[in-house]
Amino acid sequence: MAAICESIPTPPRSTDHHRTTVSSRRKAFLSLETRIILSPRFTLAPSSSRRFSTIYFQAQDTDSKVPRRNAMALMLSSFIISQAGSHDVALSLPSVGFREYLDTFDGYSFLYPKNWIQVRGAGADIFFRDPFVLDENISMEISSPSSSKYESVEDLGPPQVAGEKVLKQYLTEFMSTRLGVKRESNILSTSSRVADDGRMYYQVEVNIKSYANNNELAVMPQDRVTRLEWDRRYLSVLGVENNQLYELRLQTPENVFLEEENDLRRIMDSFRVMKVNA
């Protein structure tokens, strides 16, 4: 996210003048519309040595309401204002809305919440995470061009069959060597749709719960109490282009999904694959 904030001149040593300057800063923070200007578009140099294309982040206007993120932003803004008198650094607030992530090198795009942060070295082609709910994230997986020759997403079979493959892959990735760990999973829904680009996309939703014993080394069964570690919703959107399989993955706690379902589905519907020029 790009944010340009006005620089605040260093106040003189005079105590009375310093108080006046602090008061003006507080008023300035309360008028954020005139202090923060979102850059509509900027380019980011790729971090991976294998990339030589430009990756674009483009601001998107949205009318979506996210109560949890609004509450977080309000609390953070209150903290910043309260600290304005003791610090000479102006901070920008996390904003609610979406940005478009466009990768012209690999050939895909999608919307993501513009206050989410990019995490490097996560193993995916791209990875963003909610800064407040660390279990909520979005990532992109792409099949190897040398080992896959997909012509259409229908090469995976019907949506239900594709959903079973997606769930199996998730369970393989979450396989644990810890004693007493148990995973429960089920496919919630599978569907297909033809987007405005004329391509077919599959959508898969699964739920996975993880249970573990609080004392897996205990001898007596009554000392091994099973507890719920986490309960998550996984949403995948599958598309095919350039003979490769693209999978947009969203992970969110089940209780958070109930609050943010509309926004998460908007992200799913925004996913597009595109032809890459050789």
Side-chain angles (χ1 to χ4, degrees), residues 66 68-69 72 110 112-113 116-144 147-148 153 155-192 201-239 245-265 267-268 271:
V66 188
R68 179 179 61 81
R69 293 198 185 100
M72 292 291 187
F110 60 86
Y112 71 96
W116 284 24
I117 58 176
Q118 182 177 350
V119 178
R120 303 185 185 279
D125 194 70
I126 188 67
F127 189 99
F128 292 99
R129 186 182 68 188
D130 189 318
F132 304 113
V133 182
L134 302 186
D135 279 349
E136 190 173 28
N137 56 64
I138 183 171
S139 62
M140 172 61 62
E141 300 287 341
I142 308 175
S143 65
S144 171
S147 61
S148 62
V153 71
D155 291 347
L156 297 172
Q160 179 63 30
V161 174
E164 294 171 356
K165 294 178 181 178
V166 168
L167 178 57
K168 183 179 179 180
Q169 181 62 33
Y170 276 127
L171 294 176
T172 299
E173 295 174 5
F174 296 146
M175 193 175 297
S176 176
T177 57
R178 290 185 298 150
L179 298 175
V181 173
K182 182 180 67 173
R183 302 278 159 73
E184 290 184 358
S185 62
N186 63 300
I187 299 175
L188 301 177
S189 68
T190 60
S191 61
S192 63
Y201 294 88
Y202 283 176
Q203 295 188 347
V204 178
E205 296 183 35
V206 302
N207 172 264
I208 302 178
K209 296 180 177 66
S210 179
Y211 297 89
N213 293 331
N214 64 338
N215 188 4
E216 62 272 12
L217 299 179
V219 176
M220 304 302 294
Q222 61 269 23
D223 295 329
R224 298 191 298 269
V225 179
T226 301
R227 72 183 191 284
L228 177 66
E229 286 189 306
W230 46 261
D231 180 9
R232 297 172 185 160
R233 177 79 61 108
Y234 293 91
L235 308 102
S236 292
V237 186
L238 306 170
L245 176 64
Y246 296 75
E247 181 182 3
L248 180 71
R249 291 181 165 193
L250 291 95
Q251 170 187 299
T252 182
E254 194 66 42
N255 61 331
V256 175
F257 173 80
L258 297 176
E259 182 181 350
E260 299 185 358
E261 180 177 0
N262 291 337
D263 288 332
L264 294 173
R265 296 200 183 284
I267 294 173
M268 295 174 69
F271 176 55

Answer yes or no: is there an ion pair linking Arg265 with Glu205, defined by an N-O contact shorter than 4.0 Å?
yes
Could Glu254 and Arg233 be called an ion pair, given the rule that one side-chain N must be under 4.0 Å from one carboxylate O?
yes
Do you see a donor-acceptor pair shorter than 3.5 Å between the side chains of Asp231 and Asn207?
yes
Heavy-atom side-chain proximity of [X] to [Y] below 4.5 angstrom:
X	Y	result
Ile138	Leu248	yes
Leu250	Tyr234	no
Phe110	Met268	no
Thr252	Leu264	yes
Glu136	Phe257	no
Gln118	Ile126	yes
Val181	Ser210	yes
Val204	Ser189	no

Could you grab the distance from atom [atom1] of [X] to atom [atom2] of [Y], nearest 0.5 Å is fine?
X	Y	atom1	atom2	result
Arg129	Tyr112	CZ	OH	14.5 Å
Gln251	Leu235	CD	CG	10.5 Å
Asp155	Ser148	CG	OG	10.5 Å
Ser143	Leu238	OG	CG	10.5 Å

With side chain to side chain contact (heavy atoms under 4.5 Å, CB included) as the criterion, how do Tyr246 and Glu141 come out once you've worked through the C-alpha distance, each side chain's angles and the decisive distance to 0.1 Å?
CA-CA 6 Å; Tyr246 296 75; Glu141 300 287 341; over 6 Å; no
Applying salt bridge (charged side-chain N to carboxylate O under 4.0 Å, His left out), can you list everything that pairs with Asp135, at least two apart in sequence or on another chain?
Arg232
Extract all donor-acceptor atom pairs below 3.5 Å that involve side chains of residues 156-176 and protein atoms in other chains or at least two apart in sequence.
| residue | atom | partner | partner atom | Å |
| --- | --- | --- | --- | --- |
| Gln160 | OE1 | Thr190 | OG1 | 3.4 |
| Lys165 | NZ | Leu156 | O | 3.2 |
| Gln169 | NE2 | Glu173 | OE2 | 3.0 |
| Tyr170 | OH | Ser236 | OG | 2.9 |
| Thr172 | OG1 | Lys168 | O | 2.9 |
| Glu173 | OE1 | Arg249 | NH1 | 2.9 |
| Glu173 | OE2 | Arg249 | NH1 | 3.3 |
| Glu173 | OE2 | Arg249 | NH2 | 3.0 |
| Ser176 | OG | Arg178 | N | 3.1 |

Expected output: side-chain Ser139 to main-chain Phe127 donor-acceptor under 3.5 Å
no
Hey, mind stepping through Val206 and Leu188 against side chain to side chain contact (heavy atoms under 4.5 Å, CB included) and telling me if it holds?
CA-CA 5 Å; Val206 302; Leu188 301 177; 5.7 Å; no
